[in-house]
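As structure tokens, the structure follows; a few thoughts come after it.
Quick note: numbers below take in every heavy atom, side chains included, and nothing from hydrogens, waters or symmetry partners. Proteins come first, then strands; the chains are lettered A, B, ... in the order of their sequence lines, and each starts at number 1. Everything numeric in this text was worked out from a predicted model, so none of it was measured.
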Amino acid sequence: MSRMQNVVIETVKTALGWVPAQWLPGGTPDPLIERRVALGRQDSRLDGPAKVTGLARFAAEVPMERLCYGALLHSTVTRGRIARLDTAAAEAAPGVVLVMTHRNMPRIGTLALIGVSDLSAVGNSSLPILQNDEVRYNGQVVAAVLAETQEQADHAASLIEIDYAVEAAKTRFDDAKAAARTPASILIERNHVLVGNAAQEVDRAAHRVDNLYRTPGHNHNAIELHAVTVAWQGETLLVHDATQMIAPSANALAKLFGLKKQQVRVLSPYVGGGFGGKGLWDHQVVAVAAAKLVGRPVRLMLSRESVYRMIGGRSPSEQRVAIGADADGRFNAIIHTGYSVMPPYGACPEQYTMCSRALYNAKSFEIVQHHVDLDIVPNTYMRAPGEAIGTFAIECAVDELAHQMGIDPIELRRRNEPERHPLSGTAFSQRALTTAYAEGAQHFGWERRLAEPGARRDGEWRIGMGCASGSFPYARMPGAHVRLTLRRDGTVNLSCSAQEMGMGTSTVQVQHAADRLGLPVEAISFDMGDSALPAGSMAGGSSQTVSLAAAIMAATEKLTGELLRLAGNDSPLAGLRARDVQLVDAGIGDVADTARHESYRSILTRAAREEVSVIAAGSPPLEMLKFAMHSSSAVFCELRVSEVTGEIRIDRLLGSFDCGTILNPKTAASQFKGGMIMGIGLALTEETLFDARNGRIMNATLADYHIPVHLDVPEIDVIWTGIPDPRSPLGARGIGEIGITGVAAAIANAVFNATGKRIRDLPITLDKLL
Amino acid sequence: MNPLSYHRALSTADALSRAGDGAARLLGGGTNLVDLMRKGVERPSALVDVTALPGTIEATAEGGLLIGAAARNSAVAAHPLVRSQYPMLARAILAGASAQIRNMATVGGNLMQRTRCLYFQDAAASRCNKRIPGSGCEAEGGFNRYHAIIGTSPSCIATHPSDMCVALAALDARIHVAGAAGMRTIPLVDFHLLPGDRPDIETLLAPGDIILAVEIPPSPVARNSAYRKVRDRASYAFALVSVAAGLSVREGSVEDVRIAFGGIAPKPWRAFRAEAALRGGPATREAFEAAVIEELAGATPPPEAAFKVELARRTLVAVLTELSGSDR
Ligand SMILES: Cc1cc2nc3c(=O)[nH]c(=O)nc-3n(C[C@H](O)[C@H](O)[C@H](O)COP(=O)(O)OP(=O)(O)OC[C@H]3O[C@@H](n4cnc5c(N)ncnc54)[C@H](O)[C@@H]3O)c2cc1C
Ligand code: SF4
């Protein structure tokens, strides 16, 4: 993001400040907030039966004739050039169809990086893909093999001989800090925020904490491995992909291979977990190019190791948080600064300071992030990028301050709860974090916590409780389209290129459409996962649900107008305008006079129409600029630490969420719980072992990279305020990512309460507690 | 993975004749060997499957147990005689891997499993004296948190990762081996070798040898025994430190004791010194402390594993203290 964009965005925000709230989308709260029938019900996932019975077909399972299988070879050095490349043995190996290296890969351009300025861009790396002999990071793809079977491809790939002319590489975080860049903005926010003189305020404060927090790099580990099955059919390209970004991927591939948009079709009806990692990476491009060269369909499923080597994860970070407070605990100053990795060819800024802009009031602020440039696989979005690790730092700091001052940490937070956004002064659309804390504390039994560390024991185990706030911004993507087709029999089909990664997208939107249209859920079907359908939004930033909801809202309005026109003068609705009616009982009714109603079936029959179909896009998401919109949560943890071994066992975890309307408690609870389990990994077990000597990830397997296993995960309780957000479609805000935020801090704070040891370095492994 | 041939041996003689060929490897459950073949660490051109050889678990005449090499880890852990007479063995096995892996893994394969050193497993890019003698040891100065603190050499600091073997070491188990020269028996504590300057030679097995069975002698002290494994997550992780111990106390003094450590040495580490220090002495916390300090006096941990000295001390003291309590 450039300085220029800072100016543009801030100008728009200022201009919006003059527009009355009612003029903006959401100014009049969505009527469905009050009128829920299917919404709010625990409907089971529509995709459940297909997945349980194995009928759901994932990208690596699509059958195709004459298919060949791909294997990739990764660089084993970090920087340098390929000095010698011998593919003869691989080419001669049984079953080999193609060995593709920079020598014979078709010449193509580079991908445009994902960014807020260009919503159609999806690249995670702007490095050339097999275009030259240069190696920029350890694990970069240097060759691909196609063969008749996967085993033949794997074997042949192992026969390729490469010597590298190695060059010096930047691999050490600490060394690279000196040359760190300070970008003008982080996403759409100004990066460097200075309000008052925070440094001086901290120095002068009656109470202060000032510490460094470190979090390691993480890798993506979705169950489904990244995979594509690709076929060129004449001049059109068919890509069965596992992606969170169907429409923009199709556009990007079209651009890269010189095709028209309509010539590329990306299909991704099911994704076996995305978490930010299932975007456009090198493997799709390699598969498409290789398929072109051999004139056959290609399947390329990454090995688990390949996922580690070529799909970026979460950046490591070093964060400083300082808080100054007066004698009453009111914050004079918040300082949140730090370093994370973002190579110039990467896209994700790991926005760990975002949470500190909205969580607390303070007299002064100093916030800034620095980007360290390393020669690594570009890090990317990973569930709550920024907030997951940012909340660790600030929420531990608040706990440290509370302990120092002898105040209950919830009370300290309450004293600093903002009325309006602490930096911009804009109103919150809705915020009830204090309520979430109160309800959470009661549910959890927080009053049983002893403030003194190490005061509770059970044999060799010391028991502690901790809490922390989670936070995640609301986002709605502009430009999500949906097609809505109403048939004479009263059934409705929705379609758009949305993605289903297992979170219940279609289930919830069917519930939504049912209520919006006054129909039972059985009457609604939802086709998705195909770029040939109207372009939905990507699944990212916890934004898909409201983005699609806004599009369905717009389509419904359009449909209503269309139906009133068709109804004409012979209808009981004659003379009514769109704003006078509502959609109820499988038809249109007068809001003022319930007797005036005509069913869809009747309208269409009279108009001699089989169906009415409209396409619409959601309104521009101006509410995001007009209001401060955040979800927040209060996370509670009780755990035990062995005095003998330092082992930690979490006994209980509770999340109390304030995320607007909960559309489906069943799917929502699994999103929250899944996020919280990832939070356990962040706190206790996960760490990419990046060997700085050679820039190589050493634990590229699920045996050596520790995600939490069943025995690490306790009973997790999830509750929510359920208070609707009057400014958003359905009153809802995103829930996909907030679950992970705050969890690491709640755990670290509980560890402190149990042992008196403050661990500021994740993961909290047992050796740190001996 | 390289192209290879596969043969399922139906008799020991059949297996021996096939295994004699140096390029062949024996295949148990494949949970370790196949992984290493995928990574290019192991490159056999022939596999001889030995899972059809005896895998029975029987009582011996003198009151011990004879466990066929093909017995699955889960079957051993579940066996009533194992559970009643050698509880630490059942617990050690159950503390390892996952249920699925234990269902596949054989006793022979478990004895022969190779180190989890990350650099050993990274044939594509890392130097390793165990894989290629003389090439160097990348774990030194690298990630060595899971590495050994005792019994190492300048050429290799890797640990033996097995849990089962730690219990077997404490139980004085003997390995029955068939080879070109006939049958022989090797005490488990001698079976695995320290690295010295040949870390690639890990056991006393000669090429072509086959493990047929593991014999455990009767061991009264094993009735009061425990296995405690300390690791980075609650399950499905290798030991940072583990302790197998059996203790009998009479009138406050140690009548008999068996101690072995896992996770700290290149082989299952039988703590002979600590045992000798304890035998006949008082069964007190102080005595346990003194014994383990003596055992680990020679420890030379690599930087990331330095904590294991303290962890091993604490874990052993806790285990013995608990065993002495329940014995009284
Ligand atoms: C993810 C993961 C986690 C694990 N966690 C643990 C853990 O926590 N604790 C633990 O102890 N173990 C753990 N293991 C290791 C597991 O115990 C071993 O992989 C298993 O015991 C090996 O047995 P196998 O029969 O599958 O051996 P194979 O893989 O078939 O063979 C291993 C070796 O033994 C040789 N061999 C097999 N049978 C014989 C025989 N009869 N005579 C001579 N040589 C023979 C083979 O040639 C090969 O070299 C884990 C493994 C994995 C994959
Ligand atoms: S410790 Fe041993 S196994 Fe590991 S790299 Fe060094 S020599 Fe190889």
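No donor-acceptor pair under 3.5 Å is formed between the side chain of A:N699 and the backbone N or O of A:T688.
Looking at A:A93, there are no atoms closer than 4.5 Å to chain B (heavy atoms on both sides), in backbone or side chain. For A:D704, the part sitting under 4.5 Å from any heavy atom of chain B is the side chain, from C-beta outward, and nothing else. Heavy atoms of B:A318 lying under 4.5 Å from chain A belong exclusively to its side chain. Residue A:L702 touches chain B through its backbone alone, counting heavy-atom pairs closer than 4.5 Å. Heavy atoms closer than 4.5 Å to chain B are found in the backbone of A:E643, but not in its side chain. For a residue to count as touching a neighbouring chain, one of its non-hydrogen atoms must lie under 4.5 Å from one of that chain's; by this rule A:S303 does not touch chain B. With a threshold of 4.5 angstrom between heavy atoms, B:D122 approaches chain A through side-chain atoms but not through N, CA, C or O. Heavy atoms closer than 4.5 Å to chain A are found in the side chain of B:S126, but not in its backbone. When heavy atoms are compared at a cutoff of 4.5 Å, B:Y146 approaches chain A solely by way of its side chain, counted from C-beta outward.
In terms of heavy-atom pairs under 4.5 Å with chain A, the best-connected choice from B:A237, B:G142, B:A306 is B:G142. Counting heavy-atom pairs closer than 4.5 Å to chain A, the top-ranked of the candidates B:R313, B:E310, B:R233, B:R228 is B:R233. Considering only heavy-atom pairs separated by less than 4.5 Å from chain A, the leading option among B:R116, B:E138, B:Q121, B:R38 is B:E138. Most heavy-atom pairs under 4.5 Å with chain A, from the set B:L311, B:T315, B:D35: that is B:L311. Interface remark: of the candidates A:D691, A:T685, A:T701, A:L159, A:D691 forms the most heavy-atom pairs closer than 4.5 Å to chain B. Ranked by heavy-atom pairs under 4.5 Å with chain B, the first of A:T76, A:L766, A:L689, A:T765 is A:L689. Contact count versus chain A (heavy atoms, under 4.5 Å) is highest, among B:G40, B:S98, B:A124, B:G141, for B:G141. Contact count versus chain B (heavy atoms, under 4.5 Å) is highest, among A:E151, A:R649, A:H710, for A:R649. Among B:L240, B:V317, B:D232, the residue making the largest number of heavy-atom pairs under 4.5 Å with chain A is B:D232.
For the residue pair A:D154/A:Y69, the side-chain donor-acceptor check at 3.5 Å is not satisfied. With no hydrogens or angles considered, a side-chain donor-acceptor pair links B:D49 and B:Y6 at under 3.5 Å.
Ion pairing between B:E140 and A:R693 fails under the 4.0 Å rule for side-chain N and carboxylate O. By the 4.0 Å N-to-carboxylate-O rule, A:K768 lies too far from A:D761 to be salt-bridged with it.
Looking only at side-chain heavy atoms (C-beta outward), B:R145 and B:K308 stay at 4.5 Å or farther from each other. Counting heavy atoms from C-beta outward, A:N694 and A:V77 have side chains that stay 4.5 Å or more apart.
The distance from the CZ atom of A:R640 to the CZ atom of A:R462 is 13.5 Å, given to the nearest 0.5 Å. Going from atom CD of A:Q140 over to atom NE2 of A:H74 covers 11.0 Å, rounded to the nearest 0.5 Å. A distance of 13.5 Å separates NZ of B:K229 from OG1 of A:T645, quoted to the nearest 0.5 Å.
A:Y308 and A:Y705 have perpendicular rings, their planes meeting at more than 60° on a 0 to 90° scale where under 30° would count as parallel.
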